> 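The following block contains the structure, expressed as structure tokens.
Along the sequence shown, residues are numbered consecutively beginning with 1. Note that the structure is predicted; figures quoted are calculated from it, not measured.
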Amino acid sequence: QLEAAGTFQVKRPLLELLARDARMERYRKGELLLDRSRRVHHAFVVKTGTAQVSGNAVDNATSWTFGAGDLILFKSSFRNAEAPTSVRCMSDLD
């Protein structure tokens, strides 16, 4: 599924290594995917649905929307720090 989404432009063996700890999750419309007040340590690849940044601390003038194939990842994920913003599901999301 990651290969079909085209998010990562790497050869299949590397993609398989990347995805070995991945899991499918489902979020419902209106649910917070990322909460600004919580620590993050992972990334999301959207299979279906949409999510939107809410309460953007990075740039209040920008509204980001994520859809199928998009990667949701913040630098704070690498540091196990708080998310810089919240991301809310605009529809059911896989």
Side-chain angles (χ1 to χ4, degrees):
Q1 291 170 342
L2 286 175
E3 186 176 40
T7 304
F8 301 96
Q9 302 300 314
V10 296
K11 296 191 184 302
R12 187 174 183 99
L14 292 174
L15 190 56
E16 288 172 355
L17 282 174
L18 177 66
R20 72 175 177 220
D21 294 325
R23 64 182 186 268
M24 291 287 296
E25 294 182 348
R26 169 159 282 197
Y27 296 86
R28 299 291 178 201
K29 180 179 179 179
E31 194 175 347
L32 279 177
L33 181 66
L34 287 172
D35 187 344
R36 181 181 202 173
S37 62
R38 293 195 179 138
R39 293 190 174 275
V40 291
H41 57 275
H42 47 274
F44 300 89
V45 177
V46 179
K47 179 181 174 194
T48 60
T50 57
Q52 188 172 42
V53 169
S54 60
N56 187 355
V58 179
D59 178 358
N60 287 325
T62 302
S63 178
W64 298 328
T65 301
F66 301 97
D70 287 340
L71 172 68
I72 303 173
L73 173 71
F74 295 102
K75 289 181 184 179
S76 54
S77 300
F78 297 116
R79 297 182 302 222
N80 192 29
E82 289 182 2
T85 188
S86 295
V87 178
R88 184 173 301 280
C89 298
M90 303 309 291
S91 64
D92 288 352
L93 189 88
D94 290 320

> Between Ser86 and Leu32, does the side chain to side chain contact (heavy atoms under 4.5 Å, CB included) criterion hold? Intermediate values first, please.
CA-CA 7 Å; Ser86 295; Leu32 279 177; 4.0 Å; yes
> Run the side chain to side chain donor-acceptor pair (under 3.5 Å) test against Glu31 and tell me which residues pass, sequence neighbours left out.
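Expected list: none.
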> Taking the basic N atoms (NZ, or NE/NH1/NH2) and the acidic carboxylate oxygens, is any pair closer than 4.0 Å for Lys29 and Asp92?
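Asp92 and Lys29: not salt-bridged.
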> Out of curiosity, Arg88 CZ to Leu33 CG, how far, rounded to the nearest 0.5 Å?
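If we round to the nearest 0.5 Å, Arg88:CZ and Leu33:CG are 10.5 Å apart.
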> Would you be so kind as to tabulate the donor-acceptor pairs closer than 3.5 Å made by side chains of residues 17-26, with sequence neighbours excluded?
{"from": "Arg23", "atom 1": "NE", "to": "Glu25", "atom 2": "OE2", "distance (Å)": "2.6"}
{"from": "Arg23", "atom 1": "NH2", "to": "Glu25", "atom 2": "OE2", "distance (Å)": "2.7"}
{"from": "Glu25", "atom 1": "OE1", "to": "Tyr27", "atom 2": "OH", "distance (Å)": "2.3"}
{"from": "Arg26", "atom 1": "NE", "to": "Asp94", "atom 2": "OD1", "distance (Å)": "2.7"}
{"from": "Arg26", "atom 1": "NH2", "to": "Asp94", "atom 2": "OD1", "distance (Å)": "3.0"}
{"from": "Arg26", "atom 1": "NH2", "to": "Asp94", "atom 2": "OD2", "distance (Å)": "2.7"}

> State the SG-CD distance between Cys89 and Gln52, to the nearest 0.5 angstrom.
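Nearest 0.5 Å value for the SG-CD distance: 11.5 Å.
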> Please name all residues satisfying side chain to side chain contact (heavy atoms under 4.5 Å, CB included) with Asp70, sequence neighbours left out, ordered by chain then number.
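Result, side chain to side chain contact (heavy atoms under 4.5 Å, CB included) vs Asp70: Phe66.
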> Check whether any side-chain N or O of Thr50 sits under 3.5 Å from a backbone N or O of Gly67 as a donor-acceptor pair, and report yes or no.
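Flag not set: sc Thr50 to bb Gly67 has no pair under 3.5 Å.
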> For the residue pair Gly49 and Ser91, what are the closest heavy atoms and their distance?
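Where Gly49 meets Ser91 most closely, the heavy atoms are CA-OG, 3.3 Å.
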> How far does OG1 of Thr85 sit from CG of Asp35, to the nearest 0.5 angstrom?
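Taking OG1 in Thr85 and CG in Asp35, the distance rounds to 10.0 Å.
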> Under the side chain to side chain contact (heavy atoms under 4.5 Å, CB included) criterion, do Val46 and Leu93 qualify, and how do the steps go?
CA-CA 7 Å; Val46 179; Leu93 189 88; 3.6 Å; yes
